[in-house]
Participant: 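Okay, handing you the structure first.
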Amino acid sequence: MADSSIVRTRFAPSPTGHLHVGGARSALFCWAYARRHGGRFLLRIEDTDQKRSSDAAGLAFLEDLAWLGIDWDEGPEHDSCGGGEAGPYFQSQRLDIYSEHFERLIESGAAYRAFETPEELNEARKIARANKQAYRYDRASLNLPDQTIQQYLDEGRPHVLRFKVPDDQEIVVQDVVLGEIRLAPGELEDFVIRKADGFPTYHFAVVVDDALMEVSHVIRGQEHLANTSKHVLLQTALGFEHPAYAHVSLIFNPDGSKMSKRDKDKLLRASVKERGIDSPPSGTGIEEDAWASWLKDKSIQLPSEQLVLLAETLEIELPEIDVADFEKAGYLPEVLLNYLALLGWSPADGREQFDAAFICDNFDLDRIVKSPAKFDRDKLLAFNLDALQVMGEDEFVSRFRQWCQLHHPEYCRHFDESTFDHFARANKERCKSFLDPVKSGGFFLVDDESLEWPVIKPVRKALCNGEPSGFDRLEAMLPVLREIDDWTVSTLESTFETLAQDHAEGNLGKVAQPVRIAISGGPVSPPIYDTLVILGKQSSIRRIERCLENRDTICPAG
RNA sequence: GACCCCAUCGUCUAGUCAGGUCCAGGACAUCAGGUUUUCAUCCUGAGAACAGGGGUUCGAAUCCCCUUGGGGUCGCCA
């Protein structure tokens, strides 16, 4: 340990695609802590599982981190982030480093070879479970005669390396958030540190890497709490210093279950089973084999594109779990970051809305809460609204345009640049997320000749009821609107004021609402003059005409 | 089942470590009014919590114990 006073934190995900919000918060806390204390934040890829192959898609979370504005000083290179002296930062490239440390443990007798097969162990676990007993590895291989071991080795029997847990001492973990956690002697079994394929297990790799990368503070989710005792033991056996630990509570769904990256699979799997679908629906691109094993094994996740396609065919709405889901749903990265920071942490001054710089200036471990938090989308949405409202108009337009290009290019294609601009501005005051204008603006995209008017209460109220009715007023207004040459917000505004005087005793709503419905097909749209201008004179007139033509369907006689 | 962690309004939390200033504060949500050309905003107001039981103490949301509830882990996953 070169200089123990320098703060070094790390985020160490496995390369399984997108970053989920729990991971994002861990990364945020690590990052903020390093920034607050003038330290370094590193990223390390925990890819020691050969079965879950790590292709390029596995590294999608790098984009998610970057989107959130979390940058790393060392780790995989991405844009201007990454690099560093303590690499490689992919565990699969550090195998020779681990073997050196395995050797030390074998020589000192702190680790031993074990020859049981996974099947044997599974069987033993099952029996123990059936007898309502806690299963612990029985150390059978530890008691094997040297001769037998040599014989097995000569035969080339596959084997793992297990760590010999001292059975006479209590293990104490000091946690910055939780305090002191004690584990009685004998609670821990001799856990595996090297798999049969020669790769280290998570426990071993994490300890070696944290030590070699001089990580000073391990900030991670509480699901790792039970592992920490193993790590502490390994550190002692290897002669490493213990980093400071801070275990952050988990993030839950509103229903109280753990918010997991596997939730989407879980939801779909349940639905598939319920409907008795036993082969992969066509168009999802899922192979028969993959489908079968996915159905059987809860720990298997489908690639995200297949997940999306499957959800579409089943007409199921997937929960927002990944950072990318929130991006797609139209949230601002700075708002998500803000909200995530509030999940388990709060600044001393009680402020709730702040930016990344504020977090970096104020974050500390002593204000982290121990209890778990439920993810509250309403609050996130409210924060998003606030951020959208205070955003400058130009910034809003350009960010909204960028987002549309990515997620709803049909709007960019449909409008020319200045009309898109107007569309964006007209929506700014009234949207909670980038998705709102898109969801409510579908009528802009439909053909004038195919616009329909659903016969729902607010429509009938505005169009059919009263004397004169909305339709009567529309009829009277149409010729006036036809005569307008200067189809602009200001001209329309003065025209409508006159129309309101002439036909509705000055009540603007009485003239605006029928027009709104006529041109949008429903009772909701951006401010009426903006809507008329964005749509254009020709379309607006045509839609009013067609609405009038449909009077009898919309207001059935009686 | 074993072990470990947690427990303040519906939700996120402040207050807990250094007991009194807390008949518990804020935010989101809810409800009621008001503003508004629709929706969304915006403004005003209201209701809403220390899980239960024992201690310790002059005094407990704060300290201790038990119960209950929730969660995590128990993989040759990370």
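Quick note on labels: first sequence line is chain A, next is B, and so on, each numbered from 1. Here the structure is a predicted model, which is why all the values come from computation and not from measurement.
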Participant: Starting the side chain at C-beta, find the nucleotide from B:U11, B:C4, B:G75 nearest to A:E189.
Facilitator: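 Closest nucleotide to the A:E189 side chain: B:G75.
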
Participant: Using a cut-off of strictly less than 4.0 Å, decide whether A:R430 has a side-chain nitrogen or oxygen near OP1 or OP2 of B:U37.
Facilitator: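 For A:R430, the contact criterion (side-chain N or O under 4.0 Å from OP1 or OP2 of B:U37) is not met.
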
Participant: Is the A:F163 to A:Y112 ring centre distance short of 6.0 Å?
Facilitator: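 Judged by ring-centre distance (under 6.0 Å), A:F163 and A:Y112 do not meet the cut-off.
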
Participant: Are the side chains of A:N253 and A:K374 in touch, meaning some heavy atoms are under 4.5 Å apart?
Facilitator: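 Contact flag for A:N253/A:K374 side chains = no.
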
Participant: In whole Å, measure the gap between the P atoms of B:A18 and B:C64 for me.
Facilitator: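 It works out to 10 Å between them.
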
Participant: If I pick the C1' atom on B:G1 and the same atom on B:A46, what distance separates them, to the nearest angstrom?
Facilitator: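 It comes out at 49 Å once rounded to the nearest Å.
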
Participant: Specify the residue among A:E187 and A:V160 whose closest nucleotide of RNA chain B lies further upstream toward the 5′ end.
Facilitator: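 The answer here is A:E187.
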
Participant: Considering only side-chain heavy atoms of A:L183, which listed nucleotide, B:G75, B:C4, B:C76, is closest?
Facilitator: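 Of all the options, the side chain of A:L183 is nearest to B:C4.
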
Participant: How long is the line joining NZ of A:K370 and P of B:A61, in whole Å?
Facilitator: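 Computing the A:K370:NZ to B:A61:P distance gives 19 Å.
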
Participant: What does B:G1 pair with, Watson-Crick or G-U, if both distances are under 3.5 Å?
Facilitator: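 Looking at the geometry, B:G1 pairs with B:C74.
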
Participant: May I ask you to establish whether A:R157 and A:Y152 are in a cation-pi arrangement, using a distance under 6.0 Å from NZ or CZ to the six-membered ring centre and at most 45° from the ring axis?
Facilitator: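 The answer is yes; both the distance and angle limits are met.
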
Participant: Atom NZ of A:K374 and atom C1' of B:G10: how far apart are they, to the nearest Å?
Facilitator: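 For the pair A:K374 NZ and B:G10 C1', the rounded distance is 9 Å.
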
Participant: Given B:G75, B:A27, B:U41, which nucleotide is nearest the side-chain atoms of A:K432?
Facilitator: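 The listed nucleotide nearest to A:K432's side chain is B:U41.
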
Participant: Counting C-beta onward and ignoring hydrogens, is there a side-chain heavy-atom pair between A:S141 and A:R162 closer than 4.5 Å?
Facilitator: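 Counting from C-beta outward, A:S141 and A:R162 never come under 4.5 Å.
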
Participant: Using a distance-only criterion (donor-acceptor N/O pair, under 3.5 Å, no hydrogens), is the base of B:G26 paired with the side chain of A:E352?
Facilitator: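 A donor-acceptor contact between them is present.
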
Participant: What's the closest nucleotide to the side chain of A:R367 if the choices are B:A14, B:C39, B:C12?
Facilitator: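 The answer is B:A14, which lies nearest to the side chain.
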
Participant: Between B:C6, B:A29, B:C76, which nucleotide gets closest to the side-chain atoms of A:S371?
Facilitator: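 Side chain of A:S371 sits closest to B:C6.
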
Participant: Looking only at side-chain atoms of A:R129, point me to the closest of B:C6, B:C74, B:U73.
Facilitator: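 So the side chain of A:R129 is nearest to B:C74.
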
Participant: Just N and O in the side chain of A:T48: are any of them under 4.0 Å from OP1 or OP2 of B:A78?
Facilitator: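 A:T48 to B:A78 OP1/OP2: side-chain N or O found under 4.0 Å.
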
Participant: Of all the choices, B:U38, B:G10, B:U73, which nucleotide is nearest to the side chain of A:R516 once you look at every atom?
Facilitator: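 The closest nucleotide is B:U38.
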
Participant: By nearest atom, which of the nucleotides B:G71, B:A14, B:C4 is closest to the A:F252 side chain?
Facilitator: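 Between B:G71, B:A14, B:C4, the one nearest the side chain of A:F252 would be B:G71.
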
Participant: Please state how far atom CG in A:D376 lies from atom P in B:U13, giving the value in whole angstrom units.
Facilitator: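 Those two atoms, CG and P, are 10 Å apart.
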
